[in-house]
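The structure under discussion appears below in the form of structure tokens.
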Amino acid sequence: MSFDSLGLSQPILRAVESLGYTTASPIQEKAIPAVIEGRDVMAAAQTGTGKTAGFTLPLLENLSKGSKPRANHVRSLVLTPTRELAAQIQDSVVKYGANLPLTSHVVFGGVKINPQMQNLRKGCDVLVATPGRLLDLYNQNAVKFSQLEILVLDEADRMLDMGFYRDIKRILDLLPKKRQNLLFSATFSNEIRDLARGLVNNPVEVSVNPPNSTTNLVEQSVYVADKGQKPAILAKLIEQNNWQQVLVFSKTKHGANRLARFLEERDISALPIHGNKSQGARTKALEGFKTGKIRVLVATDIAARGLDIPQLPQVVNFDLPHVSEDYVHRIGRTGRAGETGKAYSLVCADEAKELFSIERLIGKLIERHELEGFKPVNEVPESRLDTRPIKPNKPKKAKTGHQDGQRSGGNSSGNKPANKNKRHSIKPGAGRSPSGSKEGNASSAPSRPSRRPRRTAKPTGPKS
Ligand code: AMP
């Protein structure tokens, strides 16, 4: 579908056209009209689906019809877990809003707060923020929410994984009850549903599967293994194939730690990266991996999602993910431009169910191998391709209404159109991370390191 029929006005359509976008992605097709209508939206979508434009384009459309922000006020807030994502979203806001008289800023921790306070003095139409720094700014009276019309939670699952649950709840308490809410998350766990219950009102639900076309470009193989043999099999594969840079996915944080230690003990340099690691440790691991000092980076799915690493020759699934879509996402990390990537999965008998549903999702059986000297005692049952169509993984509807009386569509009523000529064009805030700055390569960074280990989300432990 072209962008013309989604309800976007000319200035936005021109910006989209100048970026070379000709057709709206599935998530954009569904989300854009709903947001413009003033509906709350709950979307299950990962990076790569075009989700950022899916919320930014209609957000700008709606804001272009409202009135100017007062000093220190923000009209819309995009909360996102990391400074890198915040900077990326801000870039998108600037690009998509190039022809609009709107202002935007980005704020995140780890950099001086004063320039951010100064930028916010005049107020802004779009504020992209990480939760901790936003609260710091609020506590210093630098940001006010009484004019807020739209809230976007981006990568909500990752924000919870990083221990931002309580910060998000505190922020929600500060916002006007009447507002539009957009919730984006790669997965819809119990925790996300719990968060959504107090947030969205009668939402339009949008769900798209990650693009799985990548699977055709990746050579995939399964190594059957007993659970306890997996570390040794991985070490042997690394040595035998002389892999110098391999990203390994682990289902759990502890598993990632254990595996990295095991490899280190065998003189294979390795570091884990996950939500319990300090920002310093994450940066060190990532830099070491990128520069070739570290051969193996053992990552959890959620940590890996924020990593800016170039495509790799191979990735290894040390454990299969519970959610089949994560498999597609993981193996999308491999395959340099024009080359076929390789994805290896170590699969034990307990993981047969996960393997079958992955094979069902990608529509083919993955070739199995057995590494010499590692014949599993517990055999992995034979696969049979399940060709029944897969229903999209819909986010569950949040229970009716709000405990706190929030209402959606706040922006769609009563706001007078602004005199656009009096407004200045959308421009980046000075708080942005300039490329090449010390934040540039840092991975997921809650803005207050002391908060990071806290986990208040309930009830089941987040997948990581
Ligand atoms: P996202 O899923 O938001 O991270 O977007 C992934 C990439 O797709 C970004 O580089 C966008 O610039 C690009 N993109 C988003 N929407 C479209 C579109 N409709 N056509 C082409 N590229 C797009």
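Just follow the structure's listing: the first ligand is 1, and inside any ligand the first atom is 1.
Closest protein heavy atom to atom 21 (C) of ligand 1: Tyr21 CD2, 3.5 Å. For atom 6 (C) of ligand 1, the nearest non-hydrogen atom of the protein is Gly48 CA, 3.9 Å.
For the pair Leu19 and ligand 1, no heavy-atom separation below 4.0 Å is found.
We find that Glu155 and Lys51 are joined by a salt bridge, their nearest charged nitrogen and carboxylate oxygen being less than 4.0 Å apart.
Taking the six-membered ring where tryptophan is involved, the planes of Phe145 and Tyr138 are essentially parallel, since the angle between them stays under 30° and well short of 60°.
Ser345 and Gln220 share no donor-acceptor pair across their side chains, judged by distance under 3.5 Å alone.
Against a heavy-atom cut-off of under 4.0 Å, Thr52 is close to the following atoms of ligand 1: 1 (P), 3 (O), 4 (O). Counting the atoms of ligand 1 from 1 in the order shown, those under 4.0 Å from a heavy atom of Thr23 are 18 (C), 19 (N), 20 (N). Per-residue contacts place Phe3 under 4.0 angstrom from the following atoms of ligand 1 (heavy atoms of the residue considered): 19 (N).
Distance screen at 4.0 Å: atom 9 (C) of ligand 1 has no protein heavy-atom neighbour inside the cut-off. Under the 4.0 Å distance rule, the nearest protein heavy atom to atom 16 (N) of ligand 1 falls inside the cut-off.
Neither the backbone nor the side chain of Gln88 comes within contact range of ligand 1; no heavy atom lies under 4.0 Å.
Once rounded to the nearest 0.5 Å, the distance linking OG of Ser92 with CG of Leu60 reads 10.0 Å.
Residue Lys95 places no N or O, backbone or side chain, under 3.5 Å from any N or O of ligand 1.
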